[in-house]
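All values below come from the heavy atoms of this structure, side chains included, with hydrogens, waters and symmetry mates left out. Keep in mind it's a predicted model, so treat the numbers as computed, not measured.
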Amino acid sequence: MKNAFVTGLILGIMSGTWLFIMRSFGYTSTGNHVRPIEYLSLLIPFCGVYFGVKTYREDEKSGEISFFEALFQSFRILLIGGLFACLAGIVYINYFDMASNLFAFSGRLFGGLALGLLICVGSAAALMNKSSKLG
């Protein structure tokens with residue numbers, strides 16, 4: 001659990017920082033359209049989940065991990081990172097970008113969650129190396 005918390009914390013801090021970096025470059029979350037530079041934010045959860053599960057596999061599982069173990073670990077990392085990113089988003093909306101539409105911002109968060117789940121499945125499939133029987 002320590003690996004998931006540390007990796008998730010780093011993931012959440014980086015995602016929250018990304019909001020403020022985008023604002024400093026003049027990009028805000030107002031409107032329903034997504035700018036192409038916002039797609040770079042997908043690298044944060046992809047790298048965080050992938051390297052978090054890889055570190056977990058190498059350090060705590062002796063290099064052997066099944067798909068479901070990797071999937072569960074990636075969900076834990078994403079959940080913890082998402083909590084910290086949501087907290088940063090609340091601070092961002094309430095104090096820095098008050099003109100932003102909360103509905104549009106929450107839609108972006110939901111889209112990020114959906115993509116995060118796909119990243120978890122992809123990372124688990126890429127990092128598994130131990131077969132398991134399901135029945």
Side-chain angles (χ1 to χ4, degrees):
M1 184 67 177
K2 181 181 175 186
N3 178 309
F5 183 78
V6 171
T7 306
L9 178 64
I10 293 168
L11 180 67
I13 290 171
M14 290 177 65
S15 296
T17 304
W18 180 254
L19 286 171
F20 298 102
I21 290 172
M22 291 296 292
R23 180 168 169 74
S24 70
F25 285 114
Y27 298 102
T28 61
S29 60
T30 56
N32 291 328
H33 56 284
V34 178
R35 291 168 186 89
I37 195 162
E38 291 182 72
Y39 290 112
L40 286 175
S41 65
L42 292 175
L43 292 175
I44 297 170
F46 177 74
C47 292
V49 168
Y50 181 82
F51 289 115
V53 173
K54 185 175 181 182
T55 302
Y56 175 72
R57 179 186 74 183
E58 299 303 321
D59 293 345
E60 296 182 29
K61 298 302 250 174
S62 303
E64 294 280 324
I65 195 166
S66 70
F67 175 77
F68 292 110
E69 289 172 326
L71 187 64
F72 185 65
Q73 182 69 9
S74 63
F75 283 155
R76 288 192 293 187
I77 292 169
L78 189 67
L79 178 69
I80 294 168
L83 288 175
F84 285 106
C86 284
L87 289 175
I90 290 169
V91 169
Y92 176 78
I93 289 288
N94 287 327
Y95 299 108
F96 293 95
D97 194 11
M98 291 174 246
S100 180
N101 182 355
L102 184 62
F103 185 72
F105 189 76
S106 63
R108 284 190 169 117
L109 284 177
F110 181 73
L113 172 66
L115 289 172
L117 294 175
L118 290 174
I119 288 170
C120 287
V121 171
S123 295
L127 291 169
M128 72 172 201
N129 58 4
K130 183 171 86 173
S131 64
S132 62
K133 296 180 180 172
L134 296 176

Donor-acceptor contacts under 3.5 Å from residues 4-14 side chains, at least two apart:
unit_1	atom_1	unit_2	atom_2	d
Thr7	OG1	Asn3	O	2.8
Thr7	OG1	Asn3	OD1	3.2

**Prompt:** Who are the ring pair (Phe, Tyr, Trp, His ring centres under 6.0 Å) partners of Phe20, not counting sequence neighbours?
**Reply:** Tyr92, Phe96

**Spacing of CG belonging to Asp59 relative to NZ belonging to Lys2, to within rounding of 0.5 Å** = 10.5 Å

**Interatomic distance, Ile21 atom CD1 to Trp18 atom CH2 [nearest 0.5 angstrom]** = 6.5 Å

**Request:** Quick one: closest heavy-atom pair of Asn129 and Glu64, and the distance?
**Result:** OD1-CA, 3.4 Å

**Complete:** Separation between SG (Cys120) and CG (Leu115), nearest 0.5 Å, reads 11.0 Å

**Message:** Nearest 0.5 Å, please: how far is OG in Ser74 from NZ in Lys54?
**Reply:** 15.5 Å

**Request:** Work out which heavy atom in Ser15 is nearest to a heavy atom in Ala85; give both atom names and the distance.
**Result:** CB-CB, 3.9 Å

**Fill in**
Interatomic distance, CZ@Phe67 vs CZ@Phe72, rounded to 0.5 Å, equals 14.0 Å

**Prompt:** salt bridge (Lys or Arg N to Asp or Glu O under 4.0 Å) with Lys61: which residues, sequence neighbours excluded?
**Reply:** Glu69

**Message:** Between Val49 and Leu79, is there shared hydrophobic-cluster membership here, with clusters defined by ILVMFWY side-chain heavy atoms closer than 4.5 Å?
**Reply:** no

**Asked** From Leu127 CG over to Ser66 OG, what is the distance, rounded to the nearest 0.5 angstrom?
**Response** 12.0 Å

**Asked** Hey, quick one: are Phe51 and Ile44 part of the same hydrophobic cluster, counting side-chain heavy atoms closer than 4.5 Å, chains of contacts allowed?
**Response** yes

**Asked** In the single-linkage hydrophobic clustering (I, L, V, M, F, W, Y; side-chain heavy atoms under 4.5 Å), do Ile77 and Leu83 co-cluster?
**Response** no

